[in-house]
Colleague: 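Handing you a structure now.
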Amino acid sequence: MKVKRIVANTDTPALDQAAAFYQDILGLDLLMDHGWFRTYGSDEQMMVQVNFGSQGGSGTPVPALSIEVDDLDAALARFEKADIPVEYGPVSEEWGVRRFYVRDPFGKLINILQHE
């Protein structure tokens with residue numbers, strides 16, 4: 001048996017807020033829309049990873065999701081333009097990533113990062 005895909009699901013009646021955050025700001029594509037359930041994604045090849053931690057590093061809380069981007073400054077500018085407050089960073093961490101934390105519309109802590 002081989003794991004082929006891991007999907008994060010969030011329970012919410014506010015599907016339009018998900019679109020504003022994950023599609024409009026982060027640029028994910030709408031892959032599936034049943035009206036009551038929407039899937040956002042990318043055609044990028046990605047590794048399957050599941051993280052477990054007692055903290056998020058540098059004494060921060062463990063984020064619900066970590067999203068790696070190719071241009072952290074551009075991502076930061078999009079969140080600032082959308083008036084979404086940055087809760088941590090941007091900061092270059094000693095383990096080789098530059099990152100910042102924001103909350104999605106559902107209160108989930110999101111780690112936006114770029115490997116340096």
Side-chain angles (χ1 to χ4, degrees):
M1 194 267 327
K2 179 175 154 181
V3 174
K4 294 177 61 176
R5 181 170 60 143
I6 294 174
V7 177
N9 299 309
T10 300
D11 179 20
T12 181
L15 297 177
D16 291 339
Q17 290 179 19
F21 188 91
Y22 289 98
Q23 187 175 26
D24 298 345
I25 296 173
L26 285 171
L28 293 175
D29 297 321
L30 179 62
L31 302 178
M32 179 181 67
D33 186 351
H34 290 302
W36 48 268
F37 202 92
R38 294 181 186 160
T39 300
Y40 297 93
S42 166
D43 62 0
E44 291 289 322
Q45 292 291 331
M46 300 178 200
M47 297 185 323
V48 174
Q49 296 180 319
V50 179
N51 296 325
F52 301 90
S54 59
Q55 64 154 309
S58 297
T60 65
V62 175
L65 291 174
S66 291
I67 299 174
E68 183 178 352
V69 298
D70 63 353
D71 186 337
L72 194 78
D73 292 327
L76 181 61
R78 287 181 177 200
F79 284 103
E80 289 173 341
K81 183 177 180 183
D83 292 324
I84 295 175
V86 173
E87 293 197 11
Y88 174 75
V91 63
S92 292
E93 301 286 11
E94 64 184 36
W95 54 90
V97 299
R98 189 164 168 255
R99 67 183 184 154
F100 62 90
Y101 283 3
V102 293
R103 290 206 181 263
D104 77 0
F106 317 108
K108 294 189 180 302
L109 190 61
I110 310 296
N111 175 29
I112 308 294
L113 68 111
Q114 180 178 11
H115 282 89
E116 294 186 304

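Being a predicted model, the structure only gives us computed values, none of them experimental. Scope of the values below: all heavy atoms of this structure, side chains included, with no hydrogens, waters or symmetry mates.
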Colleague: For Gln49, what residues pass the side chain to side chain contact (heavy atoms under 4.5 Å, CB included) criterion, not counting sequence neighbours?
Modeller: Met47
Colleague: Mind listing the side-chain donor-acceptor pairs of residues 60-67 below 3.5 Å, one per line with the distance, residues two or more places apart or on another chain?
Modeller:
{"residue": "Thr60", "atom": "OG1", "partner": "Gly56", "partner atom": "O", "Å": "3.4"}
{"residue": "Thr60", "atom": "OG1", "partner": "Gly57", "partner atom": "O", "Å": "2.8"}
{"residue": "Thr60", "atom": "OG1", "partner": "Tyr101", "partner atom": "OH", "Å": "2.8"}
{"residue": "Ser66", "atom": "OG", "partner": "Asn111", "partner atom": "ND2", "Å": "3.1"}

Colleague: Kindly compute the distance separating OH (Tyr40) from CG (Asp29), expressed to the nearest 0.5 Å.
Modeller: 11.0 Å
Colleague: Which heavy atom of Phe21 sits nearest a heavy atom of Arg103, and at what distance?
Modeller: CE1-O, 3.6 Å
Colleague: Mind checking side chain to side chain contact (heavy atoms under 4.5 Å, CB included) for Ala82 and listing every partner two or more places apart, or none if nothing turns up?
Modeller: Ile25, Ile84
Colleague: Of all heavy-atom pairs between Arg78 and Asp24, which one has the smallest distance, and what is that distance?
Modeller: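 That would be NH1-O, 4.1 Å.
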Colleague: If I compare all heavy atoms of Lys108 with all of Thr10, which pair ends up nearest, and what's the gap?
Modeller: CE-OG1, 3.3 Å
Colleague: For the residue pair Phe100 and Ala75, what are the closest heavy atoms and their distance?
Modeller: CZ-C, 4.1 Å
Colleague: Are Tyr22 and Leu113 co-members of a hydrophobic cluster defined by side-chain heavy atoms under 4.5 Å apart?
Modeller: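 As far as the 4.5 Å side-chain criterion goes, Tyr22 and Leu113 are not connected within one cluster.
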Colleague: Test of understanding: clusters of I, L, V, M, F, W, Y form through side-chain heavy atoms closer than 4.5 Å, transitively. Do Ile6 and Phe52 belong to the same one?
Modeller: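 Yes: a chain of side-chain contacts under 4.5 Å links Ile6 to Phe52.
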Colleague: Atom CG of Asp43 and atom CG of Leu31: how far apart are they, to the nearest 0.5 Å?
Modeller: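 The CG atom of Asp43 sits 9.0 Å away from the CG atom of Leu31.
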Colleague: Trp95: what forms a side chain to side chain contact (heavy atoms under 4.5 Å, CB included) with it, not counting sequence neighbours?
Modeller: Ser58, Glu93, Val97, Arg99
Colleague: Which residues pass the salt bridge (Lys or Arg N to Asp or Glu O under 4.0 Å) test with Arg98, not counting sequence neighbours?
Modeller: Asp73
Colleague: Quick one: side chains of residues 11-18, donor-acceptor pairs under 3.5 Å with protein atoms, not counting sequence neighbours, listed by atom name and distance.
Modeller:
{"residue": "Thr12", "atom": "OG1", "partner": "Ala14", "partner atom": "N", "Å": "2.9"}
{"residue": "Asp16", "atom": "OD1", "partner": "Arg38", "partner atom": "NH1", "Å": "3.4"}

Colleague: Considering non-hydrogen atoms only, spot the tightest contact between Gln55 and Gly59 and give its length.
Modeller: OE1-N, 2.6 Å
Colleague: Between OG of Ser42 and CG of Leu26, what distance do you get to the nearest 0.5 Å?
Modeller: 11.0 Å
Colleague: Going hydrophobic residue to hydrophobic residue with side-chain gaps under 4.5 angstrom, can you get from Val86 over to Tyr88?
Modeller: no
Colleague: Looking at Gln114, is its backbone amide N or carbonyl O close enough to the side chain of Glu68 to form a donor-acceptor pair, meaning the two atoms are under 3.5 Å apart?
Modeller: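 Not at all, since once roles are kept as given, no pair shorter than 3.5 Å links the two residues.
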Colleague: With a 4.5 Å cut-off on side-chain heavy-atom distances among I, L, V, M, F, W and Y, is there a chain of contacts connecting Leu109 to Val69?
Modeller: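 No.
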Colleague: Side-chain heavy atoms nearer than 4.5 Å, only ILVMFWY residues, links allowed to pass through others: does that put Leu76 and Ile112 together?
Modeller: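 Yes, same cluster.
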